[in-house]
Amino acid sequence: MPELPEVETIVRQCRPRLVGRRIAAFNSAWPRGCRPSVAHVRRNIVGRLVHAVSRRGKFIVLELDDGGHLLIHLRMSGRFEWLDGGNGRPRHVRAAWGLDDGNRLLFCDARKFGRITYTRDLAGATADLGPEPLERCFTAARLGHLLRHRRRQLKPLLLDQTVIAGLGNIYTDEALFRAGLHPLTRSDTLRPAQIRRLHQAIRSVLRLAIRNHGTTLDWIYPGGWMQRRLMVYGRTGEPCRRCRTAIVALRVGQRGTHICPKCQRRGEE
DNA sequence: TGAATTGTTATCGT
DNA sequence: AACGATAACAATTC
């Protein structure tokens, strides 16, 4: 569920509490979640200073003072929780970092799909990720190349992290709506104007979502209010905010997909 | 109770 | 061979 805007929000929120802190302890009773292993992660991060906290695609990236990196992927249901005493007893705690200021950061994940990975080779670990859609180098021309170079349906292509890093199911549906494109349209059939519109739609919807601290739809990700601005995702049967036509749910590559059948026609325009 | 949920990876087909 | 489509998988919630 957490996609680029949610991960970006989490990174911005935890950055001031992590940067400059020394990791005093790391514990996890969840072998599958830590790579290469819990012991390896602990051995390499305990005693290190956190130099920076950033994001690459949907990965949270902790840069340590010896050049090592800790990558955290939240997948479907992962979340960070600070052990303040304020928020009761956190559930589904899978890993915990103790900091030199006495604070504890918890990684909670009901479904255990998340991953914590230590690497000395950040570039290698993120080599198969596509460009960052909000960076300056992600131009309409660059998107056009990515689209024209393949013959795929737009929706699975946009979800593919090796093509563009950070889009998930929500913002793919939202970007396609804003661009007026049907999710089954072949990527190599878009005209220049459509490519420019899709490029603008992707960037503007991601920026709007970050301004709104992401989307809160259920128990998984709290604190955002982008759900108020969603045009199609999760609005099956509700009227399109643009033309009042009922939003339709369909299945594209085993993914729930939401469109306005009038605003997103197949083929042309 | 089982359907829904998601990103990644393995596998199948063209 | 390379690419695209599809299935399987992790585990829980409602």
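Below, read A as the first sequence line, B as the second, and so on, with proteins coming before strands; counting in each chain starts at 1. Treat the numbers as computed from the prediction; the structure is a model and nothing was measured.
Few gaps surround CZ on Arg242(A); more than 12 heavy atoms of other groups in view lie less than 6.0 Å from it.
The CG atom of Leu158(A) sits 16 Å away from the C1' atom of dT6(B) (whole-angstrom rounding). In this structure, the NZ atom of Lys155(A) is 18 Å from the P atom of dG4(C), given to the nearest Å. The separation between Met76(A) atom CE and dC14(C) atom P is 12 Å, rounded to whole Å. Between Leu184(A) atom CG and dG4(C) atom C1' there is a gap of 14 Å when expressed in whole angstrom units. In this entry the distance linking CZ of Arg79(A) with P of dT13(C) reads 12 Å, nearest Å. At whole-Å resolution of the value, CG in Leu4(A) and P in dT6(B) are 17 Å apart. For the pair Leu146(A) CG and dC3(C) P, the computed distance is 14 Å after rounding to whole Å. One atom, CG of Leu154(A), and another, P of dA5(C), lie 11 Å apart when rounded to the nearest Å.
Nucleic acid contact for Gly256(A): none, since no nucleic acid atom lies under 4.0 Å from a heavy atom of the residue.
Taking the side chain of Arg32(A) as heavy atoms from C-beta on, and the options dT8(B), dA10(C), dA5(C), the nearest nucleotide is dA10(C). For Arg94(A), the side-chain atoms get nearest to dT12(C) when compared with the rest of dT12(C), dA5(C), dT5(B). For Gln153(A), the listed nucleotide lying nearest its side chain is dA5(C); candidates were dA11(C), dA5(C), dT13(C). When distances run from any side-chain atom of Tyr233(A) to the nucleotides dT13(C), dT8(B), dT6(B), the shortest one goes to dT6(B).
Side-chain contact check for Asn103(A) and Arg21(A): no donor-acceptor pair (N or O, by modelled atom type) lies under 3.5 Å. Thr162(A) and Asp160(A) share a side-chain donor-acceptor pair at under 3.5 Å. With hydrogens and angles left out, the side-chain atoms of Tyr171(A) and Thr215(A) include a donor and acceptor closer than 3.5 Å.
Grouped by direct or indirect side-chain proximity (heavy atoms under 4.5 Å, Ile/Leu/Val/Met/Phe/Trp/Tyr only), Phe113(A) sits with Met76(A). In the hydrophobic clustering (ILVMFWY side chains linked at under 4.5 Å, chained through shared members), Leu159(A) stands by itself.
Residues forming a side-chain contact (heavy atoms from CB on, under 4.5 Å) with Arg43(A) (at least two apart in sequence, or on another chain): Ala39(A), His40(A).
Here His73(A) reaches the OP1 or OP2 of dT8(B): one of its side-chain N or O atoms lies under 4.0 Å away. Taking 4.0 angstrom as the limit, His92(A) places none of its side-chain polar atoms (N or O) nearer than this to OP1 or OP2 of dA11(C). The side chain of Arg152(A) contributes an N or O atom lying less than 4.0 Å from OP1 or OP2 of dA5(C). Phosphate proximity of dA3(B) to Arg251(A): absent, as no side-chain N or O sits under 4.0 Å from OP1 or OP2.
Within residues 110-120 of chain A, the residues having any heavy atom closer than 4.0 Å to DNA chain C are, in order of number, Ala110(A), Arg111(A), Lys112(A), Phe113(A).
To the nearest 0.5 Å, atom CZ of residue Arg91(A) and atom CZ of residue Arg79(A) are 10.0 Å apart. In this structure, OG1 in Thr257(A) is found 9.0 Å from CG in Leu176(A), a value given to the nearest 0.5 Å.
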Letter per nucleotide, 5' to 3', of nucleotides 9-14 of chain B [B base touched, S only sugar-phosphate touched, - untouched; heavy atoms, 4.0 Å]: ------
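Applying the side chain to side chain donor-acceptor pair (under 3.5 Å) definition to pairs two or more places apart or across chains, none involves residues 135-149 of chain A.
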